[in-house]
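Notes follow the structure.
We name chains A, B, ... by the order of the sequence lines, and we start the count at 1 in each one.
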Number of protein chains: 2
Amino acid sequence: MTTTSVRMLTIATEQFAEKGYAGTSMRDIASAAGTTQAAIYHHFPNKQALYEAALDQRFAATIPAILSGLAEITNPEQRLRELVQRVMVMADEDAQFRQLYLRELLEGNPASLATLADNIYGAMQDSIASLAKDLNNRADIHLLLFSIIGLICHHLEARELAMLLPGNVPDNRELATLSEHISQLLLSGIKGL
Amino acid sequence: MTTTSVRMLTIATEQFAEKGYAGTSMRDIASAAGTTQAAIYHHFPNKQALYEAALDQRFAATIPAILSGLAEITNPEQRLRELVQRVMVMADEDAQFRQLYLRELLEGNPASLATLADNIYGAMQDSIASLAKDLNNRADIHLLLFSIIGLICHHLEARELAMLLPGNVPDNRELATLSEHISQLLLSGIKGL
DNA sequence: GTCTATAGGACGATAGAC
DNA sequence: GTCTATCGTCCTATAGAC
């Protein structure tokens with residue numbers, strides 16, 4: 001992995017997250033990376049391969065960072081709050097990550113979905129399993145995983161829409177408010193499963 | 001609204017939902033509708049206008065249907081279950097609706113988001129407000145709305161990904177299982193807000 | 001390893017006949 | 001109201017010089 005191809009990957013990630021696969025051209029990526037479109041083909045065989053490499057690089061780096069040190073929080077309720085908080089901060093600051101993930105769910109092909117599954121599952125499996133077990137051992141860890149990620153991503157992604165709903169208070173788009181709402185809903189909700 | 005333009009809208013909705021705005025060409029729509037690309041411009045000024053009309057038509061029709069008769073269920077817990085059930089069945093059978101919504105959140109411009117806000121808010125406001133009030137009057141109705149929709153859409157959209165996670169049981173992709181998980185999580189969760 | 005140039009085709013949109 | 005034809009521009013991908 002040369003420094004050039006890493007730079008290309010980084011730029012490609014930005015563009016794909018922002019405009020989607022179909023909405024991003026090789027020219028877009030090349031010009032944002034300060035090179036020509038043809039040069040990319042020296043490093044990646046085609047657009048699809050570049051996309052999958054971008055996806056893989058991005059997910060492999062971020063998910064372990066979120067979970068680092070989490071297991072040391074012994075109180076399970078506090079551990080869930082911390083997990084939600086971390087995922088929220090990451091998914092808020094790093095819109096790339098969130099958007100790549102959501103786009104993958106919408107239009108990912110089996111090959112790139114498998115990349116996603118490896119990265120998510122390999123890293124998060126243990127954390128969620130331990131949470132589910134400590135909070136309520138009847139809960140299914142996969143259903144719980146998707147509930148957590150779904151709540152977080154959707155609340156963050158819907159902020160622009162929320163702004164347009166009459167009666168919506170600005171406070172509802174604050175990270176702290178969203179995080180508190182989601183944590184509370186999950187904490188009480190999981191116990192009742 | 002002529003029958004021709006309605007047919008064009010219907011086809012356009014399918015294509016946009018499936019492949020996204022950038023991924024759908026006017027030629028795609030025209031050939032699926034059995035006409036030529038130029039003919040569309042007689043009915044709609046440009047691609048963007050066609051997209052917004054498709055969005056509006058689709059949402060204006062579906063959301064009132066989901067809520068019809070819901071208010072007559074007096075038990076609020078049962079009313080929530082029924083709402084979740086109906087949204088799930090619709091969002092499952094009508095992947096178009098779900099995908100259009102999720103794509104809008106990702107890449108909607110302010111104009112088309114406003115269309116969405118009108119359609120969602122105008123129709124669902126009262127139902128959610130009444131649920132929030134009856135179940136727990138401290139709950140914010142907008143936060144609750146996005147939690148419900150977020151859980152449902154994400155679980156449905158993630159089924160293909162779930163299939164790839166080791167240890168996932170096929171039962172977890174059944175509508176009834178998902179519906180039960182989400183209803184339970186929400187019912188207990190809302191009480192704890 | 002990056003460039004220019006270009007092939008070959010798809011794109012959105014328009015013009016004008018019928 | 002729909003067609004054919006076309007403009008100008010974009011696209012992915014390749015060829016070949018340096």
Side-chain angles (χ1 to χ4, degrees), chain A residues 1-58 99-100 103-104 106-112 115, chain B residues 1-58 99-100 103-104 106-112 115:
Chain A
M1 202 54 94
T2 65
T3 60
T4 304
S5 63
V6 169
R7 195 182 77 250
M8 285 176 176
L9 265 188
T10 307
I11 302 284
T13 307
E14 277 175 27
Q15 304 270 320
F16 283 133
E18 201 177 311
K19 298 177 292 182
Y21 183 81
T24 303
S25 70
M26 298 296 263
R27 280 179 173 81
D28 288 344
I29 296 167
S31 83
T35 180
T36 63
Q37 166 246 28
I40 301 177
Y41 286 86
H42 180 75
H43 301 270
F44 303 93
N46 53 41
K47 189 185 178 183
Q48 184 64 37
L50 174 60
Y51 175 73
E52 275 167 38
L55 207 65
D56 197 38
Q57 185 211 35
R58 176 40 105 189
Q99 289 165 354
L100 275 180
R103 283 188 193 281
E104 260 309 293
L106 272 169
E107 55 198 51
N109 55 23
S112 55
T115 298
Chain B
M1 201 57 91
T2 65
T3 61
T4 303
S5 63
V6 168
R7 196 183 73 248
M8 284 175 176
L9 265 188
T10 306
I11 302 285
T13 306
E14 278 175 26
Q15 304 270 320
F16 283 133
E18 201 177 311
K19 298 177 291 184
Y21 183 81
T24 303
S25 70
M26 298 296 263
R27 282 177 171 81
D28 288 343
I29 296 167
S31 84
T35 182
T36 63
Q37 167 244 27
I40 301 177
Y41 286 87
H42 180 75
H43 301 271
F44 303 93
N46 53 43
K47 188 183 179 183
Q48 183 64 36
L50 173 60
Y51 176 71
E52 276 168 37
L55 208 64
D56 198 37
Q57 186 212 33
R58 176 43 102 190
Q99 288 166 355
L100 274 180
R103 282 188 193 282
E104 258 310 290
L106 272 169
E107 55 198 50
N109 57 20
S112 55
T115 298

Toward the 5' end of DNA chain D, by each residue's nearest nucleotide, B:Gly34 or A:Ala22: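 Comparing both residues, the 5'-ward one is B:Gly34.
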Take the protein atom [atom1] of [X] and the nucleotide atom [atom2] of [N], then report the distance between them rounded to whole Å.
X: A:His43; N: C:dT2; atom1: NE2; atom2: C1'; answer: 8 Å
X: A:His42; N: D:dA13; atom1: NE2; atom2: P; answer: 17 Å
X: A:Lys19; N: D:dC10; atom1: NZ; atom2: P; answer: 13 Å
X: B:Gln48; N: C:dA13; atom1: CD; atom2: C1'; answer: 15 Å
X: A:Ile29; N: D:dC10; atom1: CD1; atom2: P; answer: 17 Å
X: B:Phe44; N: C:dT14; atom1: CZ; atom2: P; answer: 16 Å
X: B:Tyr41; N: D:dA5; atom1: OH; atom2: P; answer: 19 Å

Minimum side-chain heavy-atom gap B:Arg103-B:Phe16 below 4.5 Å: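 Side-chain contact under 4.5 Å: no.
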Residue pairs passing the salt bridge (Lys or Arg N to Asp or Glu O under 4.0 Å) test where at least one lies in residues 34-45 of chain A, sequence neighbours excluded: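 Every candidate salt bridge (Lys or Arg N to Asp or Glu O under 4.0 Å) pair involving residues 34-45 of chain A fails, so no pair, neighbours aside, qualifies.
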Residue pairs involving residues 8-17 of chain A (criterion salt bridge (Lys or Arg N to Asp or Glu O under 4.0 Å); sequence neighbours excluded):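 Not a single pair qualifies under salt bridge (Lys or Arg N to Asp or Glu O under 4.0 Å).
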Sequence neighbours left out, cut at 3.5 Å: what donor-acceptor pairs do the side chains of residues 49-56 of chain A make with other protein atoms?
from	atom 1	to	atom 2	distance (Å)
A:Tyr51	OH	A:Glu104	OE2	2.4
A:Glu52	OE2	A:Gln48	NE2	2.9
A:Asp56	OD1	A:Asn119	ND2	3.1

B:Thr36 vs D:dT2: side-chain N/O to OP1/OP2 distance below 4.0 Å: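 No, no such contact exists.
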Under 4.0 angstrom between A:Thr35 side-chain N/O and C:dC3 OP1 or OP2: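 For C:dC3, OP1 or OP2 has a side-chain N or O of A:Thr35 closer than 4.0 Å.
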Only pairs under 3.5 Å count here: list side-chain donor-acceptor contacts from residues 29-45 of chain A, not counting sequence neighbours, and write none if there are none.
from	atom 1	to	atom 2	distance (Å)
A:Ser31	OG	A:Asp28	O	3.4

Residues forming a side-chain hydrogen bond (donor to acceptor under 3.5 Å, both in side chains) with B:Gln15, sequence neighbours excluded: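 Partners of B:Gln15 by the side-chain hydrogen bond (donor to acceptor under 3.5 Å, both in side chains) criterion, ordered by chain and then number, come out as B:Lys19.
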Between the protein and nucleotides 5-11 of chain C, list every N/O to N/O distance that falls short of 3.5 Å.
from	atom 1	to	atom 2	distance (Å)
C:dC11	OP1	B:Ser25	OG	2.8

